[in-house]
Amino acid sequence: MLDIQLLRTDLESVAARLLARGFSLDIAAFTVLEAERKAVQTRTQELQAKRNATSKQIGIAKSKGEDASAILAEVATLGDELKAAEEKLAVIQAQMQDFLQNVPNLPHESVPVGRSEEDNVEVRKVGTPRVFDFEVKDHVDVGAPLGLDFDTGAKLTGARFTFMKGPMAKLHRALAQFMLDVQTNEHGYTECYTPYIVNAETLRGTGQLPKFEADLFAAKKGGQEGEGEALYLIPTSEVTLTNTVRDEIVAAEDLPIKLTGHTPCFRSEAGSYGRDTRGMIRQHQFDKVEMVQIVHPEKSYEALEEMVGHAETILQRLGLPYRVVSLCTGDMGFGAAKTYDLEVWLPAQNAYREISSISNCEAFQARRMQARFRSGQGKPELLHTLNGSGLAVGRTLVAVLENYQNADGSVTVPPALRPYMGGLEKLA
RNA sequence: GGAGAGGUGGCAGAGUGGUCGAAUGCGCUGGACUCGAAAUCCAGUAUAGCGGUCUCCGUUAUCGAGGGUUCGAAUCCCUCCCUCUCCGCCA
């Protein structure tokens, strides 16, 4: 959520900056709503003040044993107008809230301007794609004999669910543990175990709601019909890790807060049908090791670069070639002020594919969450929040299978993972 | 799932219709005392919003959340959420 103060004072330039990311701010609607708000709020508060003052006098009169009926008659006429004004104000404020909740974050000045993926800017390329002396198979074909089973996933649940067995399941677990160990032991993140099901307020905090409900899975208690608050499966543990500071005022000394966790992620991704239908690139359920940092506003861009490095470490240790891309204004997510994607080399696709996305949301989420910090005797200030994958486990598995495949159908275990695989060097 | 008790400021805890944004204690900040410290004393100490003559003044809202009764609600009524204790069940 943007600072409404900014919209009031600098509407035109906010609109211009949002246009760069393809969002057209309804200036007229805002202006009308804001004018109405001001008039109704002022009037409402006048009436409330009058009511409060009069009621107080009634109290004083009665306590002295005086007759209060004259004052009582005076305030009696206030009721209807006050009630109408309060109701109208509530409607306007709800409309304003709804308006603000649907406006995306402002892009940072360093973000390249562009319309789509095409306009993203490559920052650096690391590692050299391996040259194969045989015809490479994609991860579906490499994985099948090793326990990567899409048919069973489809039988149990439906399309875009995967079942893994034997070496595949073990490799998957090894990857997650390796990532978690690096982030906690070497990069200073605190390991967390979080709920996989959250309430709507939590999703509003990080910006998935109200705008992106169609991308989520909802859950209800067995046998329950409609009643009760809706709960949702987390689409990423950014949601749970970031919301730990919702409605909190943390001490400045406790910053930065660095959290990590390994969780499944559930995404219905309505609208992505037809894309990446083969294999486990795009699933309704996948695992991810997430990094979240909650920092002082002045430190957030420093933290962003640092987090990109934390994610890169994983790829480097696994010996996977990748590139770092700075997303353009048109390709960034709703809450991000700046985003870097890490794209890993997939030989079967002969392309780099997204494996991590690291964003600085500045105060966008913090404002929604009322997540603040206080230094000394100062006023509470909004924090900055950052999140990034370190990394997506499923896609990393895909990358390992494709990059480490051998002519005989076996897959070499990257040395970094061997301690997690009982020293195993090859999957066959 | 059954029975009961609760949710009040940074914390503890009082307040069952009226000058209550809320006693008191602790904590914290400033000051006095002191060579300095402790102790003691004095003062201050929530958040958000709105308006203005905008380092200040005025005003509104907030006592788990939402609704209701009332001129007036922390206090009464309804719904929901959460916590605790005991029993049951379960991993």
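Chain identifiers are assigned alphabetically (A, B, ...) following the order of the sequence lines, protein sequences preceding nucleic acid strands; residue numbering begins at 1 within each chain. All values below were derived from every heavy atom in this structure, side-chain atoms included, with hydrogens, water molecules and symmetry-related copies excluded.
Within residues 44-54 of chain A, the residues approaching RNA chain B are A:Gln45, A:Gln48, A:Ala49, A:Arg51, A:Asn52, by heavy-atom distance under 4.0 Å.
When the side-chain nitrogen and oxygen atoms of A:Arg372 are compared with OP1 and OP2 of B:A48, one or more of them lie within a distance under 4.0 Å. Not one side-chain nitrogen or oxygen of A:Arg37 sits closer than 4.0 Å to the OP1 or OP2 atom of B:G49. Remark: A:Arg43 is not in phosphate contact with B:U59, judged by side-chain N or O atoms under 4.0 Å from OP1 or OP2. For A:Gln370, no side-chain nitrogen or oxygen approaches OP1 or OP2 of B:U62 to under 4.0 Å.
The gap from the C1' atom of B:G7 to that of B:G66 amounts to 16 Å, rounded to the nearest Å. Going from the C1' atom of B:C63 to that of B:A23 covers 14 Å, rounded to whole Å. Taking atom C1' in both B:A22 and B:A74, the straight-line distance is 8 Å, to the nearest Å. For the C1' atoms, the distance from B:U75 to B:G68 is 15 Å, rounded to whole Å. Here the separation of B:A37 from B:A32, taken at their C1' atoms, is 15 Å to the nearest Å. B:G15 and B:C76 have their C1' atoms separated by 15 Å, with the value rounded to a whole Å. Only the C1' atoms considered, B:U55 is 23 Å distant from B:U60, to the nearest whole Å. Atom name C1', nucleotides B:C26 and B:G13: the rounded distance is 11 Å, in whole Å.
A donor-acceptor pair is defined here as one N or O able to donate and one able to accept, closer than 3.5 Å; no such pair exists between the side chain of A:His139 and the backbone of A:Ala399. Judged by distance alone, the side chain of A:Asn52 and the main-chain N or O of A:Ala49 form no donor-acceptor pair under 3.5 Å.
Two residues, A:Lys83 and A:Lys62, neighbour RNA chain B, and the one matched to the more 5' nucleotide by heavy-atom proximity is A:Lys62. When the nearest nucleotides of RNA chain B are assigned to A:Glu87 and A:Arg8 by heavy-atom distance, the more 5′-ward of the two goes with A:Arg8.
Between A:Arg353 and A:Glu402 there is no salt bridge, since no side-chain N of the basic residue sits under 4.0 Å from a carboxylate O of the acidic one.
For a distance-only test at 3.5 Å, the side chain of A:Lys56 fails to qualify as a donor-acceptor partner of the base of B:G18.
The list of salt bridge (Lys or Arg N to Asp or Glu O under 4.0 Å) pairs with a residue in residues 80-109 of chain A, not counting sequence neighbours, reads A:Arg43-A:Glu81.
With sequence neighbours excluded, the residues that form a side chain to side chain donor-acceptor pair (under 3.5 Å) with A:His187 are A:Gln183.
For A:Ile58, taking side-chain heavy atoms from C-beta onward, the closest of the listed nucleotides B:C50, B:U47, B:C71 is B:C71.
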Item to complete: Using Watson-Crick or G-U wobble pairs with both distances under 3.5 Å, give me RNA chain B in dot-bracket, 5' to 3', with [ ] for crossers and | for pairs to another strand.
Response: ((((((((.[[[..)..(.....]]]((((((.......))))))(((((((...))))))).[[[[[..)....]]]]])))))))....

For a quick test of your reading: what N or O donor-acceptor pairs under 3.5 Å do the side chains of residues 188-198 of chain A make, sequence neighbours left out?
residue  : atom : partner  : partner atom : Å
A:Tyr189 : OH   : A:Gln293 : NE2          : 3.1
A:Tyr189 : OH   : A:His310 : ND1          : 2.8
A:Thr194 : OG1  : A:Thr240 : OG1          : 3.0

Pairs: protein N or O with nucleotides 53-55 of chain B N or O, under 3.5 Å:
none

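A:Tyr301 has its ring centre less than 6.0 Å from the ring centre of A:His108.
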Worksheet item: What do the steps show when you test A:Ile234 against A:Thr263 for side chain to side chain contact (heavy atoms under 4.5 Å, CB included), and what is the final call?
Response: CA-CA 9 Å; A:Ile234 55 171; A:Thr263 69; 3.8 Å; yes

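A:Glu86 comes within 4.0 angstrom of nothing in the nucleic acid, heavy atoms only.
Under the 4.5 Å side-chain criterion, counting only non-hydrogen atoms from C-beta, A:Val123 is in contact with A:Ser326.
Closest approach of A:Leu342 to A:Glu312, counting heavy atoms only: CD2-N, 3.7 Å.
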